[in-house]
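For reference, the structure is listed below as structure tokens.
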2 protein chains.
Amino acid sequence: MASLRKTNIRAELEAHVETPDLEEFIGYNLKRAYVIVQSDFRRALGEDGFAPRVFSALSLVVQYPNVTQSGLARMLGIERSGLVAIVDELEGRGLLKRTDVPGDRRVQALVPTTKGKTTYAEARAAVRAHEDRLLSNLSDEEKATLMALLGKIRSHED
Amino acid sequence: MASLRKTNIRAELEAHVETPDLEEFIGYNLKRAYVIVQSDFRRALGEDGFAPRVFSALSLVVQYPNVTQSGLARMLGIERSGLVAIVDELEGRGLLKRTDVPGDRRVQALVPTTKGKTTYAEARAAVRAHEDRLLSNLSDEEKATLMALLGKIRSHED
DNA sequence: CTCATATCGTTAATATAGTAAACAATATCC
DNA sequence: GGATATTGTTTACTATATTAACGATATGAG
């Protein structure tokens, strides 16, 4: 049994619980796993890379050109007020532009620039590489199973 | 195919991507699933209930009485500076006390009070009920599989 | 024994992620 | 035409976390 800390005899003596309750909660395991994947994502994409949520937004804009901010917020499951800063960043980096939509002057459609599309393709490759490396101890079948089970949880969305 | 919004013909016309890239990333699915479980946890435990991290800390203090704050932070995978507020809250609610440890005057061991132990038992039951209800569309076997797969990701901890 | 080094709990400063509420402009419904 | 709803935005706030520093204390090397 590994010690928590080499010199801490007191803690050592108390550490007699077979399996802590915490480890049996899905929520706790989900969070711990998420923290690992998220921090590896950031490490892999580097200083001037994308934060996960910015990458996600860019991904959807590239795949759904002319999506509106409200629509994008809905897809991402966040408030539209929270999306403003994300779109600001992407527009500031020249990866998309806000464009007027004829027929509804409240709306501004989000359109990826050429640079946005190529940058996204590169970032996507980097994210795939990060996941392939980090999750190399899972087989393809295990990954598929994990996705399916997470999908069952996600069925509660909306 | 469900529409994103009943009147948004423009978005409708563009929404032709079979499977968005995002949905194929484990990290994204992990995050979306985590958000659902977390927010249901909070809803289930109510206004004056515990935040997930406070519940986790209490759980470990009850199961590892006399754990130190540094030790607890290590178990939770957070900085010890971040643990201070959590322990303050639990102590303020009378669920644990900081106690001097003879032999090392730097350390204060965390000991659950009687109220802390009973409150934890109730909270644990509430959390189990929340997970049972939220995850009722997963079989026991599926839950076990999910735990095992999350455990493989968690093997990268430390 | 003493001195360098490490650890403990804590505070303060900062960063990030997210919500809620309000707003003006515009669109839709009856 | 007038009530109602939606869009993008700003502002204020909350929660969660990290880093760096601190004084107090403990440990290890010589």
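If you're wondering where the values come from, they're calculated on a predicted model, not measured in any experiment.
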Is a side-chain donor or acceptor of B/K115 paired with a backbone partner of B/R93 at a separation under 3.5 angstrom? yes
Any donor-acceptor N/O pair, B/Q38 side chain to A/G27 backbone, under 3.5 Å: no
Can you tell me if [X] touches the phosphate of [N], counting only side-chain N or O atoms and a distance under 4.0 Å to OP1 or OP2?
X	N	result
A/R80	C/dT19	no
A/S70	D/dG8	yes
B/R106	D/dC22	no
A/K31	D/dA17	yes
B/Q69	C/dC8	no

Return the value, rounded to whole Å, for the distance between atom [atom1] of [X] and atom [atom2] of [N].
X	N	atom1	atom2	value
A/F55	C/dA17	CZ	C1'	19 Å
A/D88	C/dA17	CG	P	15 Å
A/L83	C/dG18	CG	P	11 Å
A/I78	C/dT19	CD1	P	7 Å
B/I86	C/dG9	CD1	C1'	14 Å
B/E79	C/dA15	CD	C1'	14 Å
A/L45	C/dT16	CG	C1'	17 Å
A/L76	D/dG8	CG	P	13 Å

For a quick check of understanding: with a heavy-atom distance under 4.0 Å over all strands, which category does B/R105 fall into, base, sugar-phosphate or nothing? sugar-phosphate
Taking atom types as they are modelled, is there a donor-acceptor pair under 3.5 Å from the base of D/dT7 to the side chain of A/T68?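 Per atom types, no contact qualifies.
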Less than 3.5 Å between a donor and an acceptor, one on the side chain of B/S81 and one on the base of D/dA17, is that the case here? no
Under 30°, 30 to 60°, or over 60°: which ring-plane class applies to B/F55 and B/F41, parallel, tilted or perpendicular?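 If you compare the ring of B/F55 with that of B/F41, the planes turn out perpendicular.
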Residue mapping more 5' on DNA chain D - nearest nucleotide basis, A/G82 or A/V35: A/G82
Joint hydrophobic cluster, B/L150 plus B/L138, side-chain heavy atoms closer than 4.5 Å: yes
Please check if any side-chain donor atom of A/S56 sits under 3.5 Å from a side-chain acceptor atom of B/Y28, or the reverse.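 The answer is no; no qualifying pair exists.
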Where the side chain of B/R53 is defined as all heavy atoms beyond and including C-beta, which of D/dA26, D/dT16, D/dT9 is the nearest nucleotide? D/dT16
